[in-house]
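Each chain gets a letter, A, B and so on, in the order the sequences are listed, and its residues count up from 1. Heavy atoms only: backbone and side chains are in, while hydrogens, waters and symmetry mates are out.
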There are 2 protein chains.
Amino acid sequence: MSVPQRVAGREGPGGKAETILAAAERAFLARGFGAVSMDAIAREASVSKATVYAHFTSKEELFGAVIAHVSERRFGGFSAEALDPVDIAASLTTIATRFLDLVLAPEVIALNRIIIGEVTRFPVLAQVFWTAGPERMREQLEAFFRRAGAAGTLVIPDPRQAAEQFAALARGEIHLRGLFRVEEPTDSTVLSVAAANAVATFLRAFQA
Amino acid sequence: MSVPQRVAGREGPGGKAETILAAAERAFLARGFGAVSMDAIAREASVSKATVYAHFTSKEELFGAVIAHVSERRFGGFSAEALDPVDIAASLTTIATRFLDLVLAPEVIALNRIIIGEVTRFPVLAQVFWTAGPERMREQLEAFFRRAGAAGTLVIPDPRQAAEQFAALARGEIHLRGLFRVEEPTDSTVLSVAAANAVATFLRAFQA
DNA sequence: GTCTATAATTGGATAGAC
DNA sequence: GTCTATCCAATTATAGAC
């Protein structure tokens with residue numbers, strides 16, 4: 001399967017294609033690829049199955065469109081550019097909190113699950129997600145650590161490695177727990193504590 | 001679905017049940033739950049489909065048996081008890097290497113993928129895996145860090161948190177990359193470097 | 001573009017003979 | 001316990017009318 005591609009002509013929001021995409025998004029994120037039928041999507045979008053096929057040539061293509069759409073929407077806004085590398089503890093706490101808030105969001109966890117589960121069948125979709133998500137976030141972190149190294153607030157011999165380790169500490173065990181559904185959706189106190197722990201350990205290892 | 005349970009009577013290794021289980025293991029780990037049919041499993045085990053059903057009451061049950069079996073076999077041997085908490089750098093390197101060797105093994109990555117992908121349908125299987133794998137490994141690490149704290153080689157205010165952070169640093173980005181199949185199966189040099197980096201950062205944060 | 005109706009195939013599970 | 005043959009439900013995809 002290649003990169004998702006609409007079949008019908010241009011169409012504004014509120015059109016059938018949007019409705020179908022939104023219905024497919026809900027269904028796939030909630031139940032996965034295999035457990036969702038085109039019938040179910042058509043039903044949820046209140047259109048006929050033939051109409052679904054008029055807009056998307058196959059179930060695989062519709063799936064690809066959903067993945068690309070959600071990835072872009074969720075990760076597009078993540079940035080560390082506005083943060084001050086001098087006030088390092090506060091900035092790291094902010095960024096860790098934003099990071100966790102994003103990667104632990106139920107929708108993002110669901111997206112992770114579905115892509116990981118189908119990576120054998122749809123390797124390109126995993127690439128799309130990876131580039132839009134983890135890679136983009138790592139680049140943002142990396143740029144921040146480069147600035148912090150230059151400002152002398154942190155000792156950063158390898159910005160990329162620092163970014164990876166910071167992200168790893170932030171994810172900690174809690175991210176895996178989310179993927180394996182070992183606990184309820186994470187509340188904000190747990191999230192704050194996790195962020196603070198990650199920052200504390202990271203600072204002990206990298207502070208000037 | 002509950003914990004897997006054989007249907008047929010006692011049977012030694014080399015019996016049909018073993019053959020079927022092995023075939024199902026190969027198939028599920030390679031292609032996931034949804035993409036594998038009972039026909040395919042029967043074919044790969046060189047028995048009829050009716051024979052498969054004589055030993056396992058349903059596809060779900062067979063799947064559960066596979067997950068429990070592989071989890072136990074792969075994680076059962078992980079231990080940190082023999083390691084010396086005084087020679088801390090060497091011990092941590094050993095344990096990080098063992099840890100990565102295990103969690104990055106293709107079979108274990110495949111197991112992760114399949115469980116994460118089906119966690120919505122089979123939450124109990126995720127629990128079985130979690131207890132046999134991540135939880136067991138964390139307990140081993142935690143016990144080691146408790147000893148290291150007592151020996152005075154590390155400063156460990158919270159052994160459990162230390163264990164989680166060490167595991168997180170070891171997994172780093174490389175584990176996620178494996179799950180999303182962003183790169184080829186990890187070779188042993190990459191693995192050694194990842195282990196060394198994790199240990200170095202951890203020591204800067206926790207060494208006495 | 002959208003619908004109803006249906007084709008074509010697959011897949012989980014079982015009946016009945018041995 | 002094991003096989004062959006089959007049932008039945010579900011699913012992807014399309015034909016043809018409007």
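- The Ala54(B) side chain lies nearest to dT2(D) when the options are dT14(C), dT2(C), dT2(D).
- Between Phe56(B) atom CZ and dT14(C) atom P the separation is 16 Å, expressed in whole Å.
- Side-chain atoms of Arg136(A) come within 3.5 Å of backbone N or O of Gly76(A) as a donor-acceptor pair.
- Of the listed nucleotides (dT12(D), dA13(C), dC3(C)), dC3(C) has the atom at the smallest distance from the side chain of Thr51(A).
- Annotation: side chain of Leu62(B) is in contact with side chain of Leu21(B) (closest heavy-atom distance under 4.5 Å).
- Proximity note for Tyr53(A) (side chain, C-beta onward) versus dT14(D), dC3(D), dG12(C): the nearest is dT14(D).
- With respect to the salt-bridge test (charged N to carboxylate O, under 4.0 angstrom), the residues Glu25(A) and Arg73(A) qualify.
- Here the P atom of nucleotide dT12(D) and the CG atom of Leu62(A) are 11 Å apart, to the nearest Å.
- Aromatic ring centroids of Phe99(A) and Phe166(A) lie 6.0 Å or more apart.
- Nucleic acid contact class of Ser48(B) (heavy atoms, under 4.0 Å, all strands): base.
- Residue contacts shown for Val52(A) are absent, as no nucleic acid heavy atom lies under 4.0 Å away.
- Across the protein-nucleic acid pair, Glu61(A) atom CD and dA13(D) atom P stand 11 Å apart, rounded to whole Å.
- Between the NZ atom of Lys49(A) and the P atom of dA7(C) there is a distance of 13 Å, rounded to whole Å.
- Side chain of Ser37(B), nearest nucleotide from dG12(C), dT12(D), dC3(D): dG12(C).
- In this structure, NE2 of His55(A) is placed 16 Å from C1' of dA13(D), rounded to the nearest angstrom.
- The nearest whole Å value for the distance from the CD atom in Glu60(A) to the C1' atom in dT12(D) is 9 Å.
- The 5' end of DNA chain D is approached more closely, in terms of each residue's nearest nucleotide, by Val47(B) than by the other of Val47(B) and Asp39(A).
- In this structure, Arg98(B) fails the cation-pi test against Phe78(B), since its NZ or CZ atom is not both closer than 6.0 Å to the six-membered ring centre and inside 45 degrees of the ring normal.
- Side-chain proximity of Ala50(A) to dA13(D), dC3(D), dT4(C): nearest is dT4(C).
- Rounded to whole angstrom, the span from the CD1 atom of Ile41(A) across to the P atom of dA10(D) amounts to 17 Å.
- Protein atom CE of Met38(B) is 20 Å distant from nucleotide atom P of dC7(D), rounded to whole Å.
- Remark: the Lys59(B) side chain and the dG11(C) base include no donor-acceptor N/O pair separated by less than 3.5 Å.
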